[in-house]
Amino acid sequence: MATITATHGRDTGLFGRMGAMVSEFVAAVAEARRMADRYEHLNRMSNSELARHGYAREDIPQIVANGR
């Protein structure tokens, strides 16, 4: 039995690669911004507010990095 698989690949030309790099860069900047916003939000919480969520202040960097 023979099967055919079709995949939609990216353009591998110069402009395709540059476009992919720009797209990945923009996505990484957006993710970094979301992480910074999350860090600031958690950092502004009081220790009791953090505890209600099951967090400790010293765990904020790990919480943000792990996406919890």
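Everything quoted here is computed from the prediction, not taken from an experiment.
With hydrogens and angles disregarded, a donor-acceptor distance shorter than 3.5 Å links the side chain of Glu49 to the backbone of Ser46.
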Test Asp59 against Leu50 for side-chain contact (heavy atoms from CB on, under 4.5 Å), laying out the working first. CA-CA 10 Å; Asp59 297 330; Leu50 288 169; over 6 Å; no
Hey, mind stepping through Arg38 and Ile63 against side-chain contact (heavy atoms from CB on, under 4.5 Å) and telling me if it holds? CA-CA 9 Å; Arg38 176 89 168 128; Ile63 292 165; 4.2 Å; yes
Using the rule given for side-chain contact (heavy atoms from CB on, under 4.5 Å), can you reason through Arg57 versus Leu42, listing the C-alpha separation, both sets of side-chain angles and the distance that settles it, and then say yes or no? CA-CA 8 Å; Arg57 184 157 308 280; Leu42 291 172; over 6 Å; no
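In this structure, the side chains of Asp37 and Arg33 come closer than 4.5 Å at one or more pairs of heavy atoms. The side-chain heavy atoms of Ile60 and Tyr39, taken from C-beta on, include a pair separated by under 4.5 Å.
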